[in-house]
Number of protein chains: 2
Amino acid sequence: MTPSSREPRIRRATILDVAAAAGVSRQTVTRAMNDMTGISPATRERVQQLAGELGYTPSRFAKGLVQGARVSLGLAIPDLTNPYFPAFASSVVEVASQRGWNVVVDDFGHGSGSGLDAVTRLAPQVDALVGYLGACSSDAQALMGRRPVVVLDYPSGQAAGCISFDYSRGARIALERLREVGCRQIAYLDSDQEGRVTTRGRAVADAAAGAGIRLTVRQSVDSAAAARAAVQSMIEQHAGIDGLLVFNDLMAAGALKALHGAGRTVPGDCAVIGMDGIPLGELVTPELTTLSLDLRAVGRAAVDLVDNLLTGTVEAGSEGAVLVLQHKLVLRQSA
Amino acid sequence: MTPSSREPRIRRATILDVAAAAGVSRQTVTRAMNDMTGISPATRERVQQLAGELGYTPSRFAKGLVQGARVSLGLAIPDLTNPYFPAFASSVVEVASQRGWNVVVDDFGHGSGSGLDAVTRLAPQVDALVGYLGACSSDAQALMGRRPVVVLDYPSGQAAGCISFDYSRGARIALERLREVGCRQIAYLDSDQEGRVTTRGRAVADAAAGAGIRLTVRQSVDSAAAARAAVQSMIEQHAGIDGLLVFNDLMAAGALKALHGAGRTVPGDCAVIGMDGIPLGELVTPELTTLSLDLRAVGRAAVDLVDNLLTGTVEAGSEGAVLVLQHKLVLRQSA
DNA sequence: ATGCGTCCCGTGAACGTTCACGTCAGGGGC
DNA sequence: GCCCCTGACGTGAACGTTCACGGGACGCAT
């Protein structure tokens with residue numbers, strides 16, 4: 001938040017210093033540094049040598065100013081500690097790198113302030129923004145002006161673009177599965193996002209209603225520890241619960257801990273299904289059945305959408321700027 | 001790797017467009033946009049309004065050029081999919097944000113090429129570089145010229161700064177613990193980094209020798225699945241192994257899977273100790289005893305070191321540019 | 001009237017590159 | 001001798017801001 005008062009001075013020599021040292025002009029130095037033609041090998045060599053000695057590094061600002069920007073993409077992540085987000089970030093970074101873009105990451109997990117803080121830090125530095133911005137989405141678009149903002153998993157609202165997931169279908173499939181394995185009393189553990197019901201929460205509730213299921217719902221903070229505590233208290237109050245759908249895999253891992261701690265077997269006494277499909281799901285015991293997302297595809301979709309918005313191929317806020325991706329139910333041991 | 005041929009055009013209006021539209025000068029627009037004094041509220045309002053309508057966003061390049069750079073820090077991560085690295089990245093991002101720096105992340109896990117590729121992408125964009133660069137460290141410093149490079153967990157070599165960990169002490173403590181809980185035949189599972197023995201591997205071997213332990217060593221790729229396979233084959237060959245120290249927690253999680261699959265109880269039949277202390281360790285069954293690192297402290301140390309190198313408080317390559325951090329043995333269920 | 005101070009606002013210069021030219025020397029063909 | 005070409009290098013301009021000034025209008029006291 002508060003930048004340190006002493007600002008490190010960081011620029012060293014300029015192109016003119018190198019030119020003077022080599023007894024040539026700016027342009028010749030440029031030619032040497034960028035491996036262009038129209039310079040003799042001897043001069044090139046000498047200039048590069050001198051540049052090294054003087055510690056000359058071309059100013060990215062001057063370069064960017066004259067050459068037109070290389071795209072730099074802001075990535076706003078709620079919490080890098082939650083394994084879902086690095087998985088997502090990794091795919092965004094990969095796809096962006098392939099395009100020659102670079103990615104400026106900010107997370108607003110801990111001491112790093114709110115989502116709005118992160119966007120405020122990011123906005124002056126980037127040409128486009130991607131992130132799980134939730135309620136900050138419209139503030140983000142305001143701060144970014146005309147530059148594209150692609151929001152994930154949140155109704156598009158003000159944002160230029162939006163990538164969301166078909167939780168209705170996912171929830172239906174997951175609940176079906178729980179019924180199939182014999183669950184009679186099903187619960188859903190939602191993430192507590194400032195008291196509001198999440199998109200996922202609503203979809204699960206609707207799917208349950210549609211299937212004639214009386215659902216027990218509980219909320220907790222999005223962490224394994226909190227989920228563990230929540231499930232612990234939930235099964236104390238509702239001893240008959242034998243099927244559990246969870247907001248995401250991290251919280252599902254916490255739920256497994258709670259069930260294990262209470263002496264219940266999974267899936268014998270209680271089947272569990274998570275969402276997201278992160279690698280963690282294969283490491284817990286029992287391995288987690290989950291509504292899996294193809295995270296590579298999500299990252300690619302987000303970056304593609306940004307590209308299309310940038311080039312004008314897709315218009316901000318238009319129908320084409322909203323993508324809906326599907327889950328796949330991955331069956332493992334827990335349900 | 002290969003930038004897309006069609007480069008999105010991204011800059012919109014300039015300050016002059018806004019000035020013309022408002023019928024004022026550049027400087028007045030600057031004053032309005034940056035909330036400076038010396039402008040009437042009415043004008044400020046009008047200019048801001050117009051700026052919004054025109055989609056004007058100040059060029060970060062022009063700004064950077066004239067104001068002197070805000071520090072931007074490159075962060076090179078081998079694999080964001082390995083939960084250790086996001087934990088580390090998160091702490092770097094947090095500390096850097098507090099300083100008002102921004103962080104450009106690149107990972108070289110999958111399609112993203114080698115570490116050298118990542119550094120090549122990063123070098124022109126940043127004022128300093130931090131990362132787990134391993135063998136690329138000296139190439140990185142070469143590409144960065146005089147700008148500071150801080151390397152983690154690798155002998156400093158050419159790099160300006162270096163943060164390493166006291167594996168000798170850590171290994172001693174871990175092996176001690178395994179002896180304490182009654183292990184007679186101890187194995188170490190190392191990460192396979194291009195066939196070479198890792199710093200950790202050497203430290204563990206030395207500590208074992210010092211304690212008179214005959215160590216079985218095995219290598220595998222740094223992933224849970226690979227570690228699982230490696231341990232599986234290891235216990236087939238060496239049935240008597242009853243204590244296992246593992247390169248990191250992720251691989252340790254794979255090891256637990258393998259032992260479980262082979263019908264061995266942990267810690268009853270075989271005790272397991274991991275390294276790193278990532279949150280994952282608490283989610284697996286049994287919970288993982290581990291040589292834990294305070295990742296917040298690591299991130300802070302790295303960023304502090306960069307700052308000191310940038311300001312010249314610490315000289316590149318000097319003694320003060322090498323920090324050694326200590327592990328803490330966190331006892332949980334697995335040993 | 002003169003002087004002085006304040007509030008708004010505008011103008012030249014500078015930041016460090018690259019782009020699009022221009023120049024100059026030498027060489028070869030007729 | 002003349003022309004043109006090519007290779008090696010230099011020069012003005014431009015990119016879009018902010019900084020350090022400078023200046024006019026107005027109010028108020030002398």
Side-chain angles (χ1 to χ4, degrees), chain A residues 7 9-48 50-51 54-72 123-127 145-147, chain B residues 7 9-48 50-51 54-72 123-127 145-147:
Chain A
E7 312 241 329
R9 290 249 56 70
I10 54 178
R11 183 62 50 201
R12 316 255 173 182
T14 81
I15 200 172
L16 289 176
D17 299 325
V18 180
V24 297
S25 71
R26 303 171 311 210
Q27 184 61 19
T28 299
V29 177
T30 295
R31 283 189 266 253
M33 299 304 291
N34 300 5
D35 282 318
M36 304 168 63
T37 76
I39 182 177
S40 76
T43 312
R44 178 195 308 273
E45 181 66 28
R46 193 163 48 92
V47 170
Q48 286 176 349
L50 249 8
L54 295 176
Y56 166 67
T57 316
S59 154
R60 66 176 178 281
F61 296 110
K63 203 169 222 166
L65 192 55
V66 62
Q67 286 190 324
R70 297 191 48 204
V71 178
S72 102
Q125 308 293 332
V126 301
D127 305 308
R146 291 244 195 299
R147 293 168 294 169
Chain B
E7 311 243 329
R9 291 248 58 69
I10 54 178
R11 183 63 51 201
R12 316 255 176 183
T14 81
I15 201 173
L16 289 177
D17 299 325
V18 179
V24 297
S25 72
R26 302 170 313 210
Q27 184 61 21
T28 300
V29 177
T30 294
R31 282 189 267 252
M33 298 305 291
N34 300 3
D35 283 319
M36 304 168 63
T37 76
I39 183 176
S40 75
T43 312
R44 177 195 309 274
E45 181 67 26
R46 192 164 49 91
V47 169
Q48 286 177 346
L50 247 10
L54 294 177
Y56 166 66
T57 317
S59 155
R60 66 175 178 281
F61 297 109
K63 202 170 223 167
L65 191 54
V66 61
Q67 286 188 324
R70 297 190 49 204
V71 177
S72 102
Q125 309 293 332
V126 301
D127 305 307
R146 291 243 197 298
R147 293 168 294 169

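Values below: all heavy atoms of this structure, side chains included; hydrogens, waters and symmetry mates excluded. Residue numbers begin at 1 in each chain, while the letters A, B, ... track the order of the sequences.
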Checklist entry - B/E45: what forms a side-chain hydrogen bond (donor to acceptor under 3.5 Å, both in side chains) with it, not counting sequence neighbours? => result none

Item to check | Partner set under side-chain hydrogen bond (donor to acceptor under 3.5 Å, both in side chains) for B/T30, not counting sequence neighbours | outcome: none

Checklist entry - Which whole-number value in Å describes the distance from A/Q67 CD to C/dT17 P? => result 12 Å

Checklist outcome for this item: To the nearest angstrom, the CD1-P distance between B/I39 and D/dT18 comes to 13 Å

Next on the checklist: In whole Å, I'd like the distance from the CE atom of A/M36 to the P atom of C/dT17.
Outcome noted: 14 Å

Next on the checklist: Quick check on D/dA8: is either OP1 or OP2 less than 4.0 Å from any side-chain nitrogen or oxygen of A/T43?
Outcome noted: no

Checklist entry - Rounded to whole angstrom units, what separation is found between the CG atom of A/D17 and the P atom of C/dG16? => result 9 Å

Next on the checklist: Donor-acceptor pair, distance only, cut-off 3.5 Å: does the side chain of B/D17 make one with the backbone of B/T14?
Outcome noted: yes

Checklist entry - Ignoring hydrogens and geometry, is there a side-chain-to-backbone donor-acceptor pair from A/S59 to B/L65 under 3.5 Å? => result no

Item to check | Distance, rounded to the nearest Å, where B/R44 contributes CZ and C/dC7 contributes P | outcome: 14 Å

Please list each protein N or O that sits under 3.5 Å from an N or O in nucleotides 5-7 of chain D, with the distance.
none

Next on the checklist: For A/K63 and B/S40, find the nucleotide of DNA chain C closest to each by heavy atoms; which residue's nucleotide sits nearer the 5' end?
Outcome noted: B/S40

Next on the checklist: Pair A/Y56, A/M33 - check side-chain contact (heavy atoms from CB on, under 4.5 Å), show working.
Outcome noted: CA-CA 10 Å; A/Y56 166 67; A/M33 299 304 291; 4.0 Å; yes

Checklist entry - Backbone N or O of A/A32 within a donor-acceptor pair of the A/Q48 side chain at under 3.5 Å? => result yes

Checklist entry - Expressed in angstrom and rounded to an integer, what is the separation of B/N34 atom CG from C/dC9 atom P? => result 16 Å

Checklist outcome for this item: Bend of the helix from C/dA1-D/dT30 to C/dC30-D/dG1 from end-axis comparison, five pairs per end, nearest 10°, comes to 60°

Item to check | A/L65, nearest nucleotide to its side chain (from D/dT17, C/dG16, C/dT17) | outcome: C/dG16

Item to check | Spacing between B/F61 atom CZ and D/dT17 atom P, to the nearest angstrom | outcome: 12 Å

Checklist entry - How many Å lie between CG on A/L16 and C1' on C/dA14, as a whole number? => result 12 Å

Next on the checklist: B/A123: which residues meet the side-chain contact (heavy atoms from CB on, under 4.5 Å) condition with it, sequence neighbours left out?
Outcome noted: B/L143, B/M144, B/R147

Item to check | All side-chain contact (heavy atoms from CB on, under 4.5 Å) counterparts of B/L50, not counting sequence neighbours | outcome: B/A21, B/A22, B/R46, B/E53

Checklist entry - Mind checking what makes side-chain contact (heavy atoms from CB on, under 4.5 Å) contact with B/R26, not counting sequence neighbours? => result B/I15, B/L16

Item to check | Candidate pair A/D127 and B/R60, rule side-chain contact (heavy atoms from CB on, under 4.5 Å), full reasoning | outcome: CA-CA 10 Å; A/D127 305 308; B/R60 66 175 178 281; 2.9 Å; yes

Item to check | Neighbours of DNA chain C within residues 23-33 of chain A, by heavy-atom distance under 4.0 Å | outcome: A/R26, A/Q27, A/T30

Checklist outcome for this item: A/D35 meets the side-chain hydrogen bond (donor to acceptor under 3.5 Å, both in side chains) criterion, sequence neighbours left out, with A/R44

